[in-house]
Amino acid sequence: MKNRYITLLMAGTLMFSVSCSNDFLEVAPTENISTADLALYNNDEGAKSFVTSAYAQLLEWDTSSFAWIGMTSITSDEADKGSDPGDAGSDKNLMDALTFDSSSGSVSDVFKGNYEGINKCNQALKYLPLLDNASQALRDRLIAETKFLRAYYYFNLVRCFGGVPIVDHVPDPASEADNVTLLTRKSATEVYAQIEKDLKDAIAGLPAKSAYGTSDIGRASKGAALGLMTKVALYQKKWADVITYGTQISGYSLTPSYSDIFKISGENNQESLFEIQSIGGPSGSTNLTSPGIKQYSQVQAPRGAGGWGWGFNTPSNTLLNAYETGDLRKDATIMFRGQTLYDGVILPSTVSNPMYNYKAYSPSFSGNDFASQNLRVIRYADVLLMLAEAYNEQGNTAQAITLVNQIRTRAGLGNTGASSLSDVRLAIWKERRFELAMEHDRWFDLIRTGQAQSAMAADGKTFVVGKHEVFPLPSSFMLQAAKYSQQNPGYN
């Protein structure tokens, strides 16, 4: 059963929506809420509505949909642009060829979408302490949820762009200092420090996943915050911190059947630390009443005769051919022409592309803008592989092998034959490739592990070392920020 709180998401967005402006974020802080207006929200439901808006940004086209798919999957060796040859998908042909630049729409959209999320988090953090008629315990939890969300939005940004501006409060348009802050990028190290600060507060203030009732399924939990902190440590090669935070995660286990994770029945199950909740609706509905990740499933769904989508982000032959014989994850990740899907739907042999992303398949409202497929963000399998990597780098290779074998056993494979530290490192990276395929991790894993140039070459792409490790800051930002910020190397 889908959680009920998500049905309020878009209402929250509209209630506290940001107005447009000409600055680089294309958002401005809300008008100050008057004392009289604030009184209307000075209760438990009013307090929740502020945080609802911050969650709602996860559903937006700019944040989690087409642009995010382009930057995190189509760029990598796990996927091709897909669709028809003549359909560029705005700039998805450029993302696929690694010829994107600072004017590419995907770059601008992801930058803008995540800053809109940060802006909504800052609004919630400004007003929640003022709602003294709301339960203190509830407000404390909502503040912790908001800090988790702000950390998540900044994690997306720092992985994509490196250093970015840190905006930790609602800016005052009349403040010169705030205006400069909006245009001044900080180092990646400083951004990670901000993320860690928020996550420490979130870990301290969030309940366990099991403490939430049915109406609150999908809210950020202590496990979600610990999982994100573990990942933040991984990206910085803070191996001891990976172990410290990863081993605090309890109450989760691997789903016995890998394919079940990505079915509607597998949403928010025992393996899920955090998912973006998505509820579909029939044609003509809006995300106000049936909120979903806008067109996430639709843009990846089969295209052409008998299909119901746009056909982008198709699994690559490079990915297909890399699976070991017998790996159960292949058929849970890739759907093929002529295949009967798990809900009985037959994928016609007449669709445009031979393969599509099965993990994005939504059996309900499949061809509509707002489909019913949640986006899995952090899974327990990811935690086990992060721990394995940290143990191995710390010299505890035997423990790392044990964790890798848990993942392989679930995938229907035998134990790894790797034994040395260097071989186990490669084995872990290999397992991450197949375990998390088409889940928006591959590009970032290639970058952080130094495999990108060779992997891209094997996929027929040219990765420029010293440039492609990060995406360009959007030209719309640089037009205003040139006095305060430098563009990433290799980009104009």
Side-chain angles (χ1 to χ4, degrees), residues 1-19 27-60 116-154 167-175 178 194 197-225 274 276-277 279 287-289 291:
M1 179 178 178
K2 293 282 187 175
N3 54 300
R4 295 179 184 276
Y5 93 88
I6 191 114
T7 62
L8 301 174
L9 287 182
M10 294 314 298
T13 299
L14 295 174
M15 186 184 303
F16 300 108
S17 62
V18 294
S19 59
V27 296
T30 53
E31 296 296 329
N32 288 327
I33 297 176
S34 69
T35 302
D37 288 339
L38 191 62
L40 297 175
Y41 305 111
N42 196 359
N43 50 60
D44 286 358
E45 292 307 310
K48 289 178 184 178
S49 66
F50 282 93
V51 185
T52 292
S53 179
Y55 276 106
Q57 188 61 35
L58 297 172
L59 305 176
E60 289 299 317
E116 286 177 340
I118 290 164
N119 186 58
K120 292 172 183 178
C121 289
N122 289 339
Q123 292 168 25
L125 293 171
K126 174 179 178 178
Y127 289 110
L128 282 170
L130 305 179
L131 304 179
D132 52 5
N133 287 335
S135 160
Q136 184 64 56
L138 174 64
R139 283 190 290 154
D140 289 344
R141 192 200 80 198
L142 291 173
I143 287 171
E145 288 182 57
T146 304
K147 289 192 174 183
F148 167 84
L149 291 171
R150 188 167 67 178
Y152 173 73
Y153 290 127
Y154 267 120
V167 186
D168 63 359
H169 62 279
V170 177
D172 178 358
S175 167
D178 278 358
Q194 173 64 40
K197 180 176 180 291
D198 275 346
L199 286 177
K200 287 176 181 177
D201 289 344
I203 291 166
L206 286 171
K209 177 182 175 181
S210 59
Y212 283 116
T214 302
S215 62
D216 285 325
I217 290 174
R219 287 187 178 274
S221 65
K222 187 180 295 290
F274 187 68
I276 298 174
Q277 308 294 306
I279 301 176
N287 55 351
L288 178 61
T289 56

Exercise for review: Compute the ring centroids of Y41 and Y127, then answer whether they are less than 6.0 Å apart.
Suggested key: no
Check your understanding: When rounded to the nearest 0.5 angstrom, what distance separates CZ in F148 from CG in D198?
Key -> 11.0 Å
Review point. If you measure from the Lys or Arg side-chain nitrogens to the Asp or Glu carboxylate oxygens, is any gap between R141 and E145 under 4.0 Å?
Key: yes
Point to revise | By side chain to side chain donor-acceptor pair (under 3.5 Å) - contacts of N42 (at least two apart) | key: D132
Review point. For A220, does its backbone N or O pair with a side-chain atom of Y212 as donor and acceptor, under 3.5 Å?
Key: yes
Review point. Heavy atoms, side chains only, cut-off 4.5 Å: are I276 and L59 in contact?
Key: yes
Review point. When rounded to the nearest 0.5 angstrom, what distance separates NZ in K120 from OG1 in T146?
Key: 13.0 Å
Below 3.5 Å, can you tabulate the donor-acceptor pairs from side chains in residues 202-211 to any protein atom, sequence neighbours excluded?
unit_1 : atom_1 : unit_2 : atom_2 : d
K209   : NZ     : N268   : O      : 3.4
K209   : NZ     : N269   : O      : 2.7
K209   : NZ     : S272   : O      : 2.8

Point to revise | Residues that D37 engages under side-chain contact (heavy atoms from CB on, under 4.5 Å), provided they are two or more places apart | key: I33, S34, L40
Review point. Side chains of L128 and V51: does their closest heavy-atom pair fall under 4.5 Å?
Key: yes
Practice item. Using side chain to side chain donor-acceptor pair (under 3.5 Å) as the criterion, list what pairs up with D140, not counting sequence neighbours. Key: Q136
**Study point:** Distance in Å, K147 NZ paired with L125 CG, rounded so as to fall on 0.5 Å steps
**Key:** 6.5 Å
Check your understanding: Q277 versus Y55: any side-chain heavy-atom pair under 4.5 Å?
Key -> no
Point to revise | Any side-chain heavy-atom pair of L131 and L38 under 4.5 Å | key: yes
Revision key, fill the gap. By side-chain contact (heavy atoms from CB on, under 4.5 Å), N43 pairs with (sequence neighbours left out) E45
Review point. Can you name the side chain to side chain donor-acceptor pair (under 3.5 Å) partners of K222, sequence neighbours left out?
Key: none
Check your understanding: Does R150 reach the main-chain N or O of A54 with its side chain, forming a donor-acceptor pair under 3.5 Å?
Key -> no
Check your understanding: Are Q57 and N119 side-chain neighbours, meaning at least one heavy-atom pair lies under 4.5 Å?
Key -> no
**Study point:** Nearest-0.5 Å distance that lies between atom CG in L130 and atom CZ in F50
**Key:** 8.5 Å
